[in-house]
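All values below come from the heavy atoms of this structure, side chains included, with hydrogens, waters and symmetry mates left out. Every chain is numbered from 1 and lettered A, B, ... according to where its sequence line falls, protein lines coming before strand lines.
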Protein chains: 2
Amino acid sequence: MSLRHAILGFLAIKPMSGYDLRKHMDASVRHFWPADQAQIYRTLQALEAEGLVSVEDTDNSRQRRVHSATPAGLAALDDWLRTVQPVEDSREPFLIKMFFGDRIGPDGVRDLLLARRVEAEEMLATLRGIAASIPPKGDLGLRLRRATLLSGLRHVEAEIQWINETLQELD
Amino acid sequence: MSLRHAILGFLAIKPMSGYDLRKHMDASVRHFWPADQAQIYRTLQALEAEGLVSVEDTDNSRQRRVHSATPAGLAALDDWLRTVQPVEDSREPFLIKMFFGDRIGPDGVRDLLLARRVEAEEMLATLRGIAASIPPKGDLGLRLRRATLLSGLRHVEAEIQWINETLQELD
DNA sequence: CTGCAATATAGGACTTGTCATATAAGATAA
DNA sequence: TTATCTTATATGACAAGTCCTATATTGCAG
């Protein structure tokens, strides 16, 4: 039920088409909420049917549907934002491989860990790059957006630390 | 596609009923792969249909279906274990709330962070408890199972660190 | 002016997982 | 003995998301 609210959040900033939404989400929240194009459009339709979003058709003769959050939509967004929810449980296929790793022996496991470290380090570089481009000061919104990036960063760092720990454990 | 392999992994250790499977998974991999009962039974059916699992009906007149991994099942498991897969992308509803946190102001955001820290600290205590009960040495299998726990631990620690960082940022 | 990339929306088929509920047998405690 | 708990399996309805494909327009480069 988060995509609905992510969409409402973006539309609260400014009205947009589904296409714009996809671009914006891809550029800013993809690392903690990857959004599928088809899913965005379908959610937009549902939101419209519920009266949480209104649509202004045809932006100067182009086939383009600009969506805005209605007052009801903003209220629903803020309610959701304020609601404390239990921590969602994560699914980590990689840990399943580790759990049964004895079947492929220490060398097999080491291969998996090394490959994962490469990916984690790429992610680290990417996130650090983006983080560096955000000014450390600013208003609440900007500082919180920076914080979501930092969260990704901290977790990737933890992942690399754990990989190194586990590699040592393997010897 | 991980539940199938988790199931094969458990059946490779010893033949089990769906019921046992659920119990075992709940006790060992739940923190990185929570498994739904209905899903376990349906996956077992699919696995059986594909010949990756065989079933021995009626264990002494009880209505109980004991499943074993077939040679094909073990081969499929090991193939999967050895396959390097791209890092799965995570979904973090909480970060969406942070991203749009300016709508509920610093106090609203602080409430969310504090509530989350409570949950994270409970998780930390739980994982530490389990980790303490596992001997630090042992064979590869045991050390890897311990490592999956350590992974959870490292990430929860990182989460708490980030929460504290972000709370400071709020002032 | 033609072909190609980008803009823009949408639906079908499918997968994975969730939640609720049904069913039935054996074990145990009041 | 009756009620209840645990063991044990299964299905229906649904939600969320993925992947693929279709369609149409606009703008730009060759």
For residues 142-155 of chain A, dump all side-chain donor-acceptor pairs below 3.5 Å to protein atoms at least two apart in sequence or in another chain.
unit_1	atom_1	unit_2	atom_2	d
A/Arg143	NE	A/Gly138	O	3.1
A/Arg143	NH1	B/Glu169	O	2.7
A/Arg145	NE	B/Phe99	O	3.1
A/Arg145	NH2	B/Phe99	O	3.4
A/Arg146	NH1	A/Ala131	O	3.2
A/Arg146	NH1	A/Ile134	O	3.2
A/Thr148	OG1	A/Arg145	O	2.7
A/Arg154	NE	B/Glu165	OE1	2.7
A/Arg154	NH1	A/Glu157	OE1	3.0
A/Arg154	NH1	A/Glu157	OE2	3.4
A/Arg154	NH2	B/Glu165	OE2	2.9
A/His155	ND1	B/His155	ND1	3.0
A/His155	NE2	B/Glu159	OE1	2.6

Using distance only, find each side-chain donor-acceptor pair of residues 21-29 of chain B under 3.5 Å and give its atom names and separation, not counting sequence neighbours.
unit_1	atom_1	unit_2	atom_2	d
B/His24	ND1	B/Asp20	O	3.1
B/Ser28	OG	B/His24	O	2.8

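Put simply, A/Phe32 and A/Leu127 are part of two different groups of oily side chains (I, L, V, M, F, W, Y) that touch within less than 4.5 Å, one to the next.
Salt bridge A/Glu88/B/Arg116: present, at least one basic N to carboxylate O contact under 4.0 Å. Between B/Asp171 and B/Arg110 there is a salt bridge, since at least one side-chain N of the basic residue sits less than 4.0 Å from a carboxylate O of the acidic one.
For the pair A/Arg64 and C/dA8, the criterion of a side-chain N or O lying under 4.0 Å from OP1 or OP2 is met.
Taking all atoms of both residues into account, the shortest heavy-atom contact from B/Thr70 to B/Ser54 is CG2-N, 3.6 Å.
Apart from A/Tyr19 itself, the hydrophobic cluster it occupies contains A/Tyr41, where clustering links Ile, Leu, Val, Met, Phe, Trp and Tyr at side-chain heavy-atom distances under 4.5 Å.
Here CD1 of A/Ile160 is found 4.5 Å from CG of A/Leu124. Values are rounded to the nearest 0.5 Å.
Within residues 2-30 of chain A, the residues having any heavy atom closer than 4.0 Å to DNA chain C are, in order of number, A/Ser17, A/Gly18, A/Tyr19, A/Asp20, A/Lys23. For residues 32-52 of chain A, proximity to DNA chain C is found at A/Gln37, A/Ala38, A/Tyr41, A/Arg42, A/Gln45, defined as any non-hydrogen atom under 4.0 angstrom from a strand atom. Applying a 4.0 Å cut-off to non-hydrogen atoms, none of the residues of residues 75-100 of chain B approaches DNA chain C.
At least one donor-acceptor pair under 3.5 Å links the side chain of A/Lys97 to the backbone N or O of B/Trp80.
With a 4.5 Å cut-off on side-chain heavy atoms, B/Ile104 and B/Leu112 count as touching.
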